[in-house]
Number of protein chains: 2
Amino acid sequence: MGASLKDVAQLAGVSVKTVSNVVNNRPHVTPAMRERVQRAVDALDYRPNLTARHLRKGRTGIIALAVPELGNPYFAELAGAVVDAAARFDYTVLLDHTAGRREQEVLVTQGFRAHVIDGLILSPIELETADLLGRRDDAPLVLLGEREYDAPYDQIAIDNVAAARTAVRHLTGLGRQRIAFLGARRELARQPAHLRLRGWREELTAAGLPHDDSLVAATDGYGRWDGAAAMNALLNQGAQPDAVFAYNDLMALGAMRALGERGLRVPQDVSVVGFDDIEDGRFGAVTLTTVSPDKQAIARLAVERVVARLTGDPQVEPERIQPGYRLVARESTAPPPA
Amino acid sequence: MGASLKDVAQLAGVSVKTVSNVVNNRPHVTPAMRERVQRAVDALDYRPNLTARHLRKGRTGIIALAVPELGNPYFAELAGAVVDAAARFDYTVLLDHTAGRREQEVLVTQGFRAHVIDGLILSPIELETADLLGRRDDAPLVLLGEREYDAPYDQIAIDNVAAARTAVRHLTGLGRQRIAFLGARRELARQPAHLRLRGWREELTAAGLPHDDSLVAATDGYGRWDGAAAMNALLNQGAQPDAVFAYNDLMALGAMRALGERGLRVPQDVSVVGFDDIEDGRFGAVTLTTVSPDKQAIARLAVERVVARLTGDPQVEPERIQPGYRLVARESTAPPPA
DNA sequence: CTGAAAGCGCTTACAG
DNA sequence: CTGAAAGCGCTTACAG
């Protein structure tokens, strides 16, 4: 067991209050006193017990971040950014993953870790508005990502419809006409890809192109494997897309692999656009064009929001904040030969 | 603020002890009493304050995991596995990243989070034995990965020399003779790739091949970009490898990209083997042969070890535990035409 | 089987 | 400017 404040006070021959003042760098302590206490602190290798401090202050200095899947580089990269952003506010990050399952998301949301975390940043997949409305835990909660909720919580998400339209416009601008969408959900009730699918539809309409449902592939998951499977399914059904807009980069990468296995060349035969701008997309045999959300901003805004709720006026209206994004054009949509 | 034990006791008309017993599922409480207390718990939506509980018990239920970089899928995948393994012991995981910098690693190791974490799992890059010997924090520490230390701590790492030899043997078995190694360190003093480089050398010798230092490329980092840069540097110096063994998959992926840009075909012209078995390697245009460490086992062993130190006899000798690995052959080393 | 009380290690009014 | 004391919300011997 380490030394306590009391031990230090005893050794230094002062009260615990004084030691506390020194340890917390409070003013109004004479240099000589500070020096004397510091010597005792060093001698005993004293380190404050944060648990006790937190019990006293009602704060732990820990923010939880709950993401669906750490194996998805998007969330891994985002988690790294959140850890950095939190560090700037002296918060540390406790990591959860929900596997995108509603029960897990609800659990996290209901504060099963009540009192150990000060706030929560959650990127939900299946969570419903009702789950949020039934929430009783009062730790600040900030939502990330494209699911839309009718509940009084801050949410950080880029404008997914507009971003998807930008991606599709990039494709139509290349002269592509049969643009497939990969990553709709089989179960319509739980539709995270909703907004991106809508963007696809809207932009096709704007371009005077039909939106052909036989070019929409549904999946259960959002990994490389799902992308490859969806691509194969489409091709097996006889679809002949000249472009693919995938729900995310992982699926786009899987789709490119599937296209390659069938001898279809990217970008000559099929242009491909993903979403997320994960590092993987920048180093493949064919680099991937993608919609790049500003992850640093997302992380920073989320942390700032949690901290603001923790320290500020709780009556401030919850907001929907939209960080920026940009389209990064790479080889997978290099212009086809004229 | 939520309700406390005391509030519940008051409402139920019993002592806090009894409530505590019920909440903690202790035996010897009559069903009627349990029922009565439970009703009060529900009415007040009482949830125990873990901070207080932990202060009392001296444990927090939190294990820290410190990795160099979450953006590296290997560590992201490993982190996911650690979170899962810890959950089975009712521990949650607090995530740190060190950027592979010695100061950060030392900081983490010296218990700057003393008393908030029960134990630490660290994957060091630059940490030195001396840093470990100077450690004063008494929270259990388990080391991960290939750095070798002469300090009394548990370490979980596959046999890197043997694993590297397996990779190189796979290459020599294909008839390759000029096998480059990517990922040595420029600064020799801090040499994480040490063991894999030794494996490369030993296996070449065993195969009766020279180990040509002009085929060894040094880097500062271990990402895709570093792999591409190292590959380019080698090629620019006039090296003509017919195979590449990279320190990790990320570098191998970067190298493949660089080879492709120069018109060198994988596997026809150059065979490539990586290390880590990250998912990215399974879905490129050319899938990547790799050494696949058993990540589930690594995570499980690390957590078990921390928990054992926490609950068991602290006098047990620190061990070096070697989980399994296997070579996964994929397209990047498909046999060249005879 | 249950109650009253001490104590984990801090911080913070309250005196002096 | 510093000291003595209460209290954050639990758990756990100790009585009864």
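All chains are named by letter (A, B, ...) in the order of the sequence lines, taking the proteins before the strands, and each is independently numbered beginning at 1.
- The side-chain heavy atoms of A:T98 and A:I125, taken from C-beta on, include no pair separated by under 4.5 Å.
- With rounding to whole Å, A:N24 atom CG is found 17 Å from C:dG9 atom P.
- At a threshold of 4.5 Å between non-hydrogen side-chain atoms, the residues B:V142 and B:R309 do not count as touching.
- In this structure, B:K57 places its NZ atom 13 Å from P of D:dC10, rounding to the nearest Å.
- Taking both residues in full, the closest heavy atoms of A:L55 and B:A52 are given as CD1-CB, 3.8 Å, listed atom of the first, atom of the second, then distance.
- Under the side chain to side chain contact (heavy atoms under 4.5 Å, CB included) criterion, A:R53 pairs with A:V23, A:N24, A:P48, A:L50, A:K57, not counting sequence neighbours.
- The distance from atom CG of A:L55 to atom P of C:dC10 is 12 Å, rounded to the nearest whole Å.
- Residues that satisfy the side chain to side chain contact (heavy atoms under 4.5 Å, CB included) test with A:Q296, not counting sequence neighbours, are A:A81, A:D294.
- The number of heavy-atom neighbours closer than 6.0 Å to CG of B:D42, taken from other residues, nucleotides and ligands shown, is above 12.
- Checked against C:dC8, D:dC10, C:dC10, the side chain of B:L5 finds its nearest nucleotide in D:dC10.
- For DNA chain D, no neighbouring residue in residues 34-41 of chain B is found when judged by any heavy atom under 4.0 Å.
- A heavy atom closer than 4.0 Å to some atom of DNA chain C occurs in A:K17, A:S20, these being the qualifying members of residues 9-20 of chain A.
- Look at B:N21 and you won't find any side-chain N or O under 4.0 angstrom from OP1 or OP2 of C:dC1.
- Under the 4.5 Å side-chain criterion, counting only non-hydrogen atoms from C-beta, B:V22 is not in contact with B:V8.
- At a threshold of 4.5 Å between non-hydrogen side-chain atoms, the residues A:L133 and A:P152 count as touching.
- Checking D:dG9, D:dT2, D:dC8 against every side-chain atom of A:R56, the shortest atom distance belongs to D:dC8.
- With rounding to whole Å, B:R59 atom CZ is found 20 Å from D:dC10 atom P.
- Checked against side chain to side chain contact (heavy atoms under 4.5 Å, CB included), B:V83 has the following partners two or more places apart in sequence or in another chain: A:H97, B:V93.
- Side-chain N/O atoms of B:N49 include none lying less than 4.0 angstrom from OP1 or OP2 on D:dC8.
- Taking the side chain as every heavy atom from C-beta outward, A:Y46 and A:L5 approach each other to under 4.5 Å.
- At least one side-chain heavy atom of B:R47 sits under 4.5 Å from a side-chain heavy atom of A:D137.
- With the 3.5 Å cutoff on both pairing distances, Watson-Crick and G-U pairs in DNA chain C assemble into runs of at least 3 at C:1-3 with D:14-16, C:5-12 with D:5-12, C:14-16 with D:1-3.
- Nucleotide C:dG3 holds its C1' atom 15 Å from the NZ atom of B:K6, rounded to whole Å.
- To the nearest angstrom, P of C:dT11 lies 12 Å from CG of A:N25.
- Residue A:L44 contributes atom CG, which lies 14 Å from atom P of C:dG9 at whole-angstrom precision.
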